[in-house]
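One structure is given here, and the rest of the page talks about it.
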Amino acid sequence: MRLFGFQVRPRLSFLLLGALAAISVAEGLRADLDRASPATIAALSILIGLGLLGSVLLHELAHALVGRRLGLPVGTIELNVLGGATVLGEDPPTPRAQYLVSVVGPVVNLLLAGVFGIAALTTDVATVPHDLAYPLFVINALLAFYNLLPGLPLDGGHLVRAAVWGVTGDKVTGLRAAGVGGLVTAAATFVLGLVELRAGTGFALATFLVAAFVGVQAQGALTGANVARRLPDVVAGRLARPAFVAGSDLPLAEALRRAAAAGRSAVVLGVDGKPSAVLSDVLLASVPDTRRPWVPLSSVSERVTATLDAHLEGEQLLRALREHPAPAYVVMDGGRFVGVLRAADVAARLRGRPGA
């Protein structure tokens, strides 16, 4: 569905979140409203469950609206049993933009908590209006509090990232700090789950799931920070394998021998001096050594589908690889053939390993 021009994708598990909230408050409502009918208790429980879902949706819409206001491309709003996430097409370009996009979600929950808190204070205890307002006050207060904890993927983690980025001028340092904060938050949430398990509250499993989710996302952020640190070293011309250019009718064994003698680690087919195909590692592995003198090079080569500029680096290079996925690319510096870049070599360099 679409709201305010945004694609909103509520998963089936999102409805489960509302159902769990309704079930958890039903017993307390029955004890507080002892004279209320079962239908009234059920209706109140459902309203509170829907109130939780609405609070999460408003939280994510606030992120999306501010992101669009700042000129950021907003993808989708994902809603599931763990809450929601607003997918942006690109990172905020400045610490200020990061702060504004991140802080607005908890602010919305704080405002809702204020509204429902005032309603709870101005209504009589053990009445339907009070027993509707008070749980929604607690829900929004908890949403704001937990989302402000200082670790990714929570909004508080993004605020830490913005603060460290602003102080140090280094976006990656901010990402690393927020990732570490996420691991600490996950550990604290896991401990809370143990306490709930011991107390028999019934929320321990959900708390463990949240802890696992936060931990995995935080570790992903730390991995992303490590990758970002290596991006300046990812240059197409620097990672390209020196290549031996051969004719298509040359036997495979002879092409490999000549390439080794010339100190080349890749073999390409050339037509009129221009590379047209690259020796495939997969196809090469399927040919036994004894047959290689009789197999033409062209039969184990893949046609070149993309050419990269030797000066492409960092994000620009990764974007080019995403736009033209292929196992290998011919790298050119103007009209000069540089070599062959394999996607596996780029991935290895980003993981901190040397290419082939």
Side-chain angles (χ1 to χ4, degrees), residues 1-4 6 8-66 77-86 103-149 154-156 189 192-193 195-196 199-207 209-210:
M1 64 178 180
R2 299 192 72 84
L3 288 175
F4 299 100
F6 304 115
V8 181
R9 294 179 178 173
R11 305 299 182 186
L12 186 60
S13 63
F14 186 58
L15 300 180
L16 177 61
L17 176 64
L20 291 173
I23 293 171
S24 66
V25 300
E27 185 176 349
L29 292 174
R30 281 193 292 268
D32 209 28
L33 303 173
D34 54 350
R35 296 184 178 180
S37 67
T40 300
I41 299 299
L44 274 178
S45 300
I46 292 172
L47 285 174
I48 292 168
L50 292 175
L52 168 61
L53 301 185
S55 298
V56 172
L57 176 58
L58 289 174
H59 176 113
E60 297 304 331
L61 281 173
H63 287 313
L65 288 168
V66 172
I77 296 176
E78 303 283 346
L79 302 172
N80 54 54
V81 70
L82 295 177
T86 300
V103 77
V104 67
V107 166
V108 165
N109 291 127
L110 286 174
L111 291 174
L112 291 172
V115 170
F116 289 119
I118 292 172
L121 289 173
T122 55
T123 54
D124 294 333
V125 177
T127 62
V128 169
H130 180 275
D131 280 41
L132 177 60
Y134 183 72
L136 293 175
F137 157 72
V138 173
I139 284 171
N140 279 280
L142 289 175
L143 285 173
F145 170 76
Y146 193 77
N147 273 285
L148 285 173
L149 292 178
L154 304 172
D155 295 325
T189 304
L192 175 62
V195 173
E196 291 177 339
T201 63
F203 293 102
L205 178 59
T207 303
L209 288 174
V210 171

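Side-chain atoms are counted along with the backbone in the values below, which use heavy atoms only and exclude waters and symmetry mates. From a predicted model like this one, the values you see are computed outputs, not experimental measurements.
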So how far is it from [X] [atom1] to [Y] [atom2], rounded to the nearest 0.5 Å?
| X | Y | atom1 | atom2 | result |
| --- | --- | --- | --- | --- |
| I77 | T86 | CD1 | OG1 | 4.5 Å |
| L53 | F14 | CG | CZ | 4.0 Å |
| L58 | L143 | CG | CG | 11.0 Å |
| H130 | L121 | NE2 | CG | 7.5 Å |
| L112 | H59 | CG | NE2 | 11.0 Å |
| I46 | I23 | CD1 | CD1 | 10.5 Å |

Who passes salt bridge (charged side-chain N to carboxylate O under 4.0 Å, His left out) against R9, sequence neighbours left out?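 So R9 forms a salt bridge (charged side-chain N to carboxylate O under 4.0 Å, His left out) with E78.
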
Which atom names give the shortest non-hydrogen contact between [X] and [Y], and what distance separates them?
| X | Y | answer |
| --- | --- | --- |
| I41 | A26 | CG2-O, 3.9 Å |
| A120 | A133 | N-CB, 3.8 Å |
| D155 | P106 | OD2-CD, 3.3 Å |

Tell me the salt bridge (Lys or Arg N to Asp or Glu O under 4.0 Å) pairs involving residues 16-32, sequence neighbours left out?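 Qualifying pairs: none.
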
Show, in sequence, the C-alpha distance, side-chain angles and deciding distance for L57 and L3, and conclude whether the side chain to side chain contact (heavy atoms under 4.5 Å, CB included) test is met. CA-CA 10 Å; L57 176 58; L3 288 175; 3.8 Å; yes

Is there a side-chain contact between [X] and [Y] in this structure, where contact means two heavy atoms from C-beta onward sitting under 4.5 Å apart?
| X | Y | result |
| --- | --- | --- |
| V115 | N140 | no |
| F145 | N109 | no |
| T189 | T207 | yes |
| I139 | F116 | no |

The criterion is side chain to side chain donor-acceptor pair (under 3.5 Å); which residues satisfy it with [X], sequence neighbours excluded?
| X | value |
| --- | --- |
| S37 | T40 |
| Y134 | none |
| S45 | none |
| R2 | Q7 |

Would L79 and E60 satisfy side chain to side chain contact (heavy atoms under 4.5 Å, CB included), going step by step from the backbone distance to the final call? CA-CA 9 Å; L79 302 172; E60 297 304 331; 4.2 Å; yes

Donor-acceptor under 3.5 Å (S13 side chain, N80 main chain):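 Not a single qualifying donor-acceptor pair exists.
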
Derivation and outcome, side chain to side chain contact (heavy atoms under 4.5 Å, CB included), residues L132 and I48: CA-CA 7 Å; L132 177 60; I48 292 168; 3.9 Å; yes

Could you go through the side chain to side chain contact (heavy atoms under 4.5 Å, CB included) check for L17 and L52 one step at a time? CA-CA 8 Å; L17 176 64; L52 168 61; 3.9 Å; yes

